[in-house]
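Order of listing sets the numbers, starting from 1, for every ligand and every atom in it. The analysis underlying the following values was restricted to heavy atoms, covering all of them including side chains, and did not include hydrogens, waters or symmetry mates.
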Amino acid sequence: MSPLLEARGLCTGYGTIQVVHGVDLTVDAGEIVVLLGPNGAGKSTTLKSVVGELPSISGTLHWRGQPSDGPLHARARQGISYIPEERAVLMRLSVMENLRVAAGRPEEAAAVFPELANHLARPVGQLSGGQQRMVSVAAALGARPKLLVADELSLGLAPAIVTRVLGRVRVAADEGLGVLLVEQHAGQALAIADRAMVMVRGRIVWAGTAHEALASIDELHELYLGTA
Ligand code: ATP
């Protein structure tokens, strides 16, 4: 069976500046693939291209075996939910309104994180960073996507919240969701991932199972990731 998502030789960038140089990646239903790498490696750029926010320069992208080159909204209709690094929520709208806009099924989305129940009427801008991230993940999962593409879910969050958010993503993957996750901090992401890839300067320099990555985490840090 075809993978959910398959990129071959993906090259992309901004204007005349090429940032991603020939990336191959696949994501299957039910698996979490984490893309690691230092600051500026091109991880976010890769995600933007995969979800249709940024056109590719060359390479092929297939969605469930079919060529895929539509813009962001078309890919969303196909079943791709994208959580960008910033502005993933509408700050002035309430939690409930955010969930309704993004997922159409606010009650079901709210149930993703029961701890949001007491905050449904509050503007998202009044919530903590961790709660805001929960809203963006609940909104994304509430849309019942086939693939979740998420950029730095752990950014700026306390480790306990990261565990909670990533744990919920793992549950969704166990139910069949494919997940492509970008993370700068390897440890917690690898703990829930199935496979890992390391990107440096726009190229994949290491790929293996999450288990293999954890077993060689010191080496990966030393060679590619720095001490972050
Ligand atoms: P980070 O964790 O810092 O976001 P990253 O691996 O996700 O790192 P990207 O954000 O993809 O890296 O950035 C890769 C390169 O592309 C960097 O050199 C960055 O300066 C450049 N870049 C990112 N966004 C733009 C943009 N909108 N216009 C021009 N160059 C950009």
Ligand 1 atoms in contact with Glu152 (distance to a heavy atom under 4.0 Å):
2 (O)
For ligand 1, is any non-hydrogen atom under 4.0 Å from Val19's backbone (N, CA, C, O), its side chain (CB onward), both, or neither?
side chain
Nearest-option assignment for atom 5 (P) of ligand 1, heavy atoms, candidates Arg201, Lys43, Met199:
Lys43
Could you measure the distance from the OG1 atom of Thr26 to the CG atom of Leu4? Nearest 0.5 Å is fine.
10.0 Å
Taking the side chain as C-beta and beyond, is there a heavy-atom pair between Leu166 and Arg170 under 4.5 Å?
no
Do the side chains of Leu54 and Thr45 get nearer than 4.5 Å, heavy atoms only?
yes
For ligand 1, which part of Glu85 has a heavy atom less than 4.0 Å away: the side chain, the backbone, both, or neither?
side chain
Measuring to protein heavy atoms, does anything land under 4.0 Å from atom 25 (C) of ligand 1?
yes
Could you name the option among Gly40, Gly15, Ser44 that has the heavy atom nearest to atom 7 (O) of ligand 1?
Ser44
Give me the residue, atom name and distance of the protein heavy atom closest to atom 11 (O) of ligand 1.
Thr45 OG1, 2.5 Å
At a 4.0 Å threshold, what atoms of ligand 1 neighbour a non-hydrogen atom of Pro38?
6 (O)
Taking the side chain as every heavy atom from C-beta outward, state whether Arg195 and Val34 have any pair of such atoms under 4.5 Å apart.
no
By side-chain hydrogen bond (donor to acceptor under 3.5 Å, both in side chains) - contacts of Glu115 (at least two apart):
Arg164
Ser2 vs Arg64, side-chain contact (heavy atoms from CB on, under 4.5 Å): CA-CA, chis, key distance, verdict
CA-CA 6 Å; Ser2 306; Arg64 303 171 94 193; 5.5 Å; no
Non-hydrogen atom of Gly202 closer than 4.0 Å to ligand 1:
no
State whether the side chain of Ser216 and the backbone N or O of Glu219 hold a donor-acceptor pair below 3.5 Å, judged by distance alone.
no
Would a 4.5 Å heavy-atom cut-off, applied to side chains only, mark Leu127 and Val95 as touching?
yes
Can you confirm whether something in the protein, heavy atoms only, sits under 4.0 Å from atom 20 (O) of ligand 1?
no
Looking at atom 22 (N) of ligand 1, what's its closest protein heavy atom, distance included?
Tyr14 CE1, 3.4 Å
N/O to N/O below 3.5 Å, does that happen between Gly42 and ligand 1?
yes
Do Gln18 and Thr12 pair up side chain to side chain, a donor and an acceptor below 3.5 Å, judged on atom types alone?
no
For atom 1 (P) of ligand 1, what is the nearest protein heavy atom, given as residue, atom name and distance?
Asn39 OD1, 3.6 Å
Looking only at protein heavy atoms, which one is nearest to atom 2 (O) of ligand 1, and how far off is it?
Gln184 NE2, 2.9 Å
